[in-house]
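For reference, the structure is listed below as structure tokens.
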Amino acid sequence: MEPYIWESLKEICEREGLTLNDICTQIDQRRGEANLTASIRVFIVSYFRNAIGSRGFSEDGPSTILRKAMDDAIPPFD
């Protein structure tokens with residue numbers, strides 16, 4: 001997995017007081033036939049979507065959340 005995915009997963013572990021093994025084991029036990037890596041990615045997105053709720057969204061154009069996510073995922077050209 002990409003370093004940013006690992007960092008996100010480690011941040012969740014710190015927030016929840018669980019080990020990386022704890023989280024990955026729980027995801028693995030619940031994923032059914034889905035790919036483990038894909039299941040981890042979906043879990044991370046779901047976790048942070050639930051954590052953010054509707055805070056920070058803008059009705060007048062791109063929110064600060066969108067801009068930050070874009071910059072993190074795809075750094076702008078200088």
Side-chain angles (χ1 to χ4, degrees):
M1 289 190 300
E2 300 81 9
Y4 198 77
I5 297 295
W6 282 114
E7 291 169 18
S8 298
L9 192 56
K10 289 175 186 175
E11 182 178 339
I12 292 169
C13 290
E14 289 174 17
R15 288 173 180 233
E16 299 296 330
L18 298 168
T19 67
L20 192 60
N21 187 54
D22 292 335
I23 294 278
C24 290
T25 297
Q26 288 184 46
I27 294 168
D28 190 33
Q29 290 172 342
R30 298 176 73 141
R31 69 184 171 94
E33 297 295 318
N35 177 280
L36 179 58
T37 302
S39 297
I40 290 170
R41 287 186 176 107
V42 170
F43 165 77
I44 291 168
V45 169
S46 178
Y47 182 90
F48 285 114
R49 281 185 74 183
N50 283 295
I52 193 73
S54 61
R55 294 175 299 159
F57 293 102
S58 171
E59 295 180 13
D60 299 327
S63 69
T64 56
I65 294 169
L66 176 65
R67 289 191 301 273
K68 177 73 171 117
M70 282 292 187
D71 289 347
D72 287 347
I74 309 159
F77 290 107
D78 290 329

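Note that SG of Cys13 and CG of Asn21 are 9.5 Å apart. Values are rounded to the nearest 0.5 Å. In this structure, the separation between OG1 on Thr25 and CZ on Arg30 is 13.0 Å, given to the nearest 0.5 Å.
Hydrophobic clustering (side-chain heavy atoms under 4.5 Å, transitive across Ile, Leu, Val, Met, Phe, Trp, Tyr) groups Leu20 together with Ile23. By the criterion of side-chain heavy atoms lying less than 4.5 angstrom apart, applied directly or through intervening Ile, Leu, Val, Met, Phe, Trp or Tyr residues, Ile27 is grouped together with Ile5 in one hydrophobic cluster. A continuous path of hydrophobic side-chain contacts links Trp6 to Phe43 [ILVMFWY only; heavy atoms under 4.5 Å].
Legend: residues meeting side chain to side chain donor-acceptor pair (under 3.5 Å) with Ser39, ordered by chain and number and at least two apart, are absent. Taking the side chain to side chain contact (heavy atoms under 4.5 Å, CB included) definition, one finds that Arg15 meets it with Glu11, Tyr47, Phe48, sequence neighbours left out.
A heavy-atom distance below 4.5 Å is not found between the side chains of Leu36 and Cys24. Leu18 is listed as a side-chain neighbour of Gln26, based on a closest heavy-atom distance under 4.5 Å.
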